[in-house]
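The structure displayed is predicted, hence computed values, not measured ones.
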Amino acid sequence: MRQGDLKAAGTWYQSSLTAVRGLGKLDLETDVRGQQALILCERGRFDKARAQLQVCLRYWQSQPHPRWIAVTQLQLGTVEAKAGNPTQARPYLTQANEGFTKVGDRAGSAEATRWLKSLHSSP
């Protein structure tokens, strides 16, 4: 996906999901679903991406797993930013930054900060 090949990424994520489905590995399944949501976002299917990530967020919050909560908040923030909704993106990105900071994930915090700064520079 990072190389921009959405078709290959979608195929890989679907294969991964098929492989883990039914094995009781809900953490892995939820992570893959979050990645699939980012493909939906890149294809402009913001509503579907948002809905899928909300399900992922509820799962991580039920665990609770602070780093994965922050990852999903970052994903939701990026979906909102790419959808042109900076007001909706900002709280997710701020919460992600705080979550990453609490667990010592400097890379995650830096990415959330970059997205927050991009919201300030956009019209």
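Note that CD of Q95 is 11.0 Å distant from CG of N97, once rounded to the nearest 0.5 Å. The CD atom of Q61 sits 11.5 Å away from the SG atom of C56 when rounded to the nearest 0.5 Å.
Using bins of under 30°, 30° to 60° and over 60° for the plane-to-plane angle, the ring pair W68/W60 lands in the parallel bin.
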Between V71 and F100, does a side-chain contact (heavy atoms from CB on, under 4.5 Å) hold up when you go through it step by step? CA-CA 8 Å; V71 166; F100 285 131; 3.9 Å; yes

For a side-chain contact (heavy atoms from CB on, under 4.5 Å) check, start with the C-alpha distance between Q35 and L38, then their side-chain angles and the critical distance, and finish with the verdict. CA-CA 5 Å; Q35 296 299 322; L38 297 180; 3.9 Å; yes

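Here the closest non-hydrogen pair linking W115 and A81 is CZ3-CB, 3.7 Å. Contact detail for R50 and L76: the closest heavy-atom pair is O-CD2, 3.9 Å. A pairwise comparison of heavy atoms in A37 and Q52 identifies N-NE2, 3.8 Å as the closest pair. Taking each heavy atom of A89 and G77 in turn, the nearest pair found is CB-O, 3.4 Å. Looking at every heavy atom in both residues, L93 comes nearest to T78 through CD2-N, 4.2 Å. Here the shortest heavy-atom pairing between A96 and A70 reads CB-O, 3.4 Å.
Among pairs with a residue in residues 93-110, those fulfilling salt bridge (charged side-chain N to carboxylate O under 4.0 Å, His left out) read R67-D105, at least two apart in sequence or across chains.
Test I69, L26, T72 against Y59 for side-chain contact (heavy atoms from CB on, under 4.5 Å) and you get one pass: L26.
Residues L53 and L57 share a single hydrophobic cluster, defined by chaining ILVMFWY side chains whose heavy atoms lie under 4.5 Å apart.
At a threshold of 4.0 Å, the pair R90-E80 does not count as salt-bridged, since none of the basic side-chain nitrogens sits closer than that to a carboxylate oxygen.
Side-chain contact between L40 and Q36 is absent, with no heavy atoms from C-beta onward closer than 4.5 Å.
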